[in-house]
Trainee: 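Below you will find the structure I want to go over with you.
What you see below is based on every heavy atom in this structure, not just the backbone, and it leaves out hydrogens, waters and symmetry mates. Predicted, not measured: the structure shown is a model, and the values here were computed from it. Every chain is numbered from 1, with letters handed out A, B, ... down the list of sequences.
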There are 2 protein chains.
Amino acid sequence: MGPMERQSGVALWRQIADQIRIAIGTGEFDDLSALPGEVALAKRFSVNRHTVRSAIASLKKEGVLRVEQGRGTFIVQRTRLRYPVGRRTRFTDGLADQASTREGLLKSHAMENANSAIAEALELPVGAAVIRLDSIGTADAVPVSRGTRWLDAERFPGFVNIYRKLGSVTASMKVFGIEDYVRIRTRISAHHADPETLEDLRLSPGAIVLVTEAVNAELNGRRLEYSNTSFAADRVEIDVDHSIGQQGEKEQSQDHVAGDARKGPAG
Amino acid sequence: MGPMERQSGVALWRQIADQIRIAIGTGEFDDLSALPGEVALAKRFSVNRHTVRSAIASLKKEGVLRVEQGRGTFIVQRTRLRYPVGRRTRFTDGLADQASTREGLLKSHAMENANSAIAEALELPVGAAVIRLDSIGTADAVPVSRGTRWLDAERFPGFVNIYRKLGSVTASMKVFGIEDYVRIRTRISAHHADPETLEDLRLSPGAIVLVTEAVNAELNGRRLEYSNTSFAADRVEIDVDHSIGQQGEKEQSQDHVAGDARKGPAG
DNA sequence: ACATATTTGTTCGTATGTATC
DNA sequence: CGATACATACGAACAAATATG
């Protein structure tokens, strides 16, 4: 094991917290969900026991660990939401069978002029009027995504009101005569979350977001929507399906269930 | 703008360095002209000028910024490598037109018994003999990925020696009579890098990796290969192509060019 | 009930790093 | 460049809860 780096701008306890999180993710502590004791962890990471304790305290606050005096430290089981991405991706449906309550809260909207990235994606001239919708996605009362989408304003007049009423992009598009659409491409990257996203997704500094930049189009290839969505990386993973069949979202269902986001354990 | 958080285990100067990196990524600063001055940045982030200086010093060491005495601070242009993922993804070919030199260095290999994840992916019984290959991917002399792949040992006897000779998975598979194969699924997540990956990819603590977990199969659906690859998130982004045509890798070519990884600018 | 080992929880002190002024 | 306040990290010791035999 490589030693933790010092003077890197990231506190030792936080580096260790990250390592423990990873180790949990890879199933390294599979035995009965109990972690090694503080002294053992301190030895493993070559740090003082207090430093390990700080790391554990942080993970406890995040809801990853649960500590019981005299007994030990335990992993709070929480399955990562699996967000399916494929040719027939529908955002709202995607998490349907994984979370008991999901919601797409429209946070704000505006009229804008397309910058080069938006223009290219929607195949519009730069400066064209576009509708911008900002929303936050929630599963089981936990925010999981924060996204912005842009649509051609000329093509979808009054989209905002319709969307507000119907609560679904797919349904709103039907009003404009679009019966079907497909995902053309999805670009995926990962970054540290910016302060605004940090707040919206209730994350702590240094947290990671998975960013998807997607383009949806009609079956004939005409661009419909360009979106940019940030997912809390510790709560979501992306599942790309490359099959070419006529399968709908059903095939992407998994036997996974969203974890019950336990909060405030007996502490 | 949200204020930087204190007592978070991440030093202010590092949080600011991350924010500047993000701002550069989103094109917030004009690529060619200088960054705002230290005092302006200090005001923007509500911190002392010295703290901004530490952040800039760090980014300078990373090769993101270049400082010229009396003139200002400038962005060192570096395009993110775009790694295409689709039904017909071939790893070695993927970055072909983006980097002038690319390499898949075989780091180590071993015989293993399949754990549940590997067994499920390859549709083998748990405990079946599998070949494990660890390699590091390099583009323009910069490490960009670190991956492990597993193959059915019974099906590919002596694969390691053939792969060592040919240097390509696609070519090696041909030796075993496999003319064509397709990507079935790709699962994507993001984490902090573990110490070993940190070292292999020459990253600093707190760095992010994009992890792809992929399954390749023959056209008839028979599983061939299961892989788990970590990409340095600040050097790579993933481009998912959902098209169903017969297009090969050619269509995924982009007009992007790998940045010249400038090192050690005039300090 | 008892002693003992193990585990987490707390309180001192001290040194160094970080951030401001 | 200091001077100051606070966060981080270490070390030692002790207290409290739990598990074992």
Trainee: A:His50 NE2 to C:dT16 P: how many Å, rounded?
Mentor: 18 Å
Trainee: Does the distance from a Lys or Arg side-chain N to an Asp or Glu carboxylate O, for A:Glu62 and A:Lys60, drop under 4.0 Å?
Mentor: no
Trainee: Taking CD1 from A:Ile56 and P from C:dG9, how many angstroms apart are they, rounded to a whole number?
Mentor: 8 Å
Trainee: Tell me which nucleotide, if any, is Watson-Crick or G-U wobble paired with D:dT8 when both distances must be under 3.5 Å.
Mentor: C:dA15
Trainee: For A:Glu38 and D:dG11, what is the distance between atoms CD and C1' respectively, to the nearest whole Å?
Mentor: 15 Å
Trainee: Looking at C:dT6, I'd like to know if its phosphate oxygens (OP1 or OP2) sit under 4.0 Å from a side-chain N or O belonging to A:Arg71.
Mentor: no
Trainee: What is the distance, to the nearest angstrom, from the CZ atom on A:Arg14 to the P atom on D:dA9?
Mentor: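 Checked: the CZ to P distance equals 11 Å.
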Trainee: Find the distance A:Arg53:CZ to D:dC14:P and express it as a whole number of Å.
Mentor: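 After rounding, the reported distance stands at 18 Å.
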Trainee: Starting at the 5' end of DNA chain D, which residue's closest nucleotide do you reach first, A:Ala11 or A:Glu68?
Mentor: A:Ala11
Trainee: For D:dC10 and A:Thr51 - does any side-chain N or O of the residue sit under 4.0 Å from the phosphate oxygens OP1/OP2?
Mentor: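 Answer is yes, contact under 4.0 Å.
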Trainee: Which sits closer to the 5' end of DNA chain D, A:Asn48 or A:Gly70, going by the nucleotide each is nearest to?
Mentor: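 Checking each residue's closest nucleotide, the 5'-ward one belongs to A:Asn48.
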Trainee: Side chains of B:Thr148 and B:Asp134: any donor to acceptor distance under 3.5 Å?
Mentor: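 There is such a pair (donor and acceptor under 3.5 Å, judged by atom type) between the side chains of B:Asp134 and B:Thr148.
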Trainee: Rounded to the nearest angstrom, tell me the gap between atom CZ in A:Arg49 and atom C1' in D:dC14.
Mentor: 11 Å
Trainee: Is it true that the side chains of A:Thr197 and A:Asp194 contain a donor and an acceptor less than 3.5 Å apart?
Mentor: yes
Trainee: Between D:dA16, C:dT20, D:dA9, which one does the side chain of A:Trp13 approach most closely?
Mentor: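 From the listed options, D:dA9 comes nearest.
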Trainee: Would you kindly give the CG-to-P distance between A:Leu65 and C:dT7, to the nearest whole Å?
Mentor: 16 Å
Trainee: Under a 4.0 Å threshold between the charged nitrogen and the carboxylate oxygen, would A:Arg44 count as salt-bridged to A:Glu28?
Mentor: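 So A:Glu28 pairs with A:Arg44 through a salt bridge.
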Trainee: Can you confirm whether the side chains of B:Tyr226 and B:Glu120 place a donor and an acceptor under 3.5 Å from each other?
Mentor: no
Trainee: Tell me the interatomic distance from B:Leu41, atom CG, to C:dA19, atom P, rounded to whole angstroms.
Mentor: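 Interatomic distance, CG of B:Leu41 to P of C:dA19: 16 Å.
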Trainee: Mind checking A:Thr73 for me? I need base, sugar-phosphate or nothing, with any heavy atom below 4.0 Å counting as a touch.
Mentor: sugar-phosphate
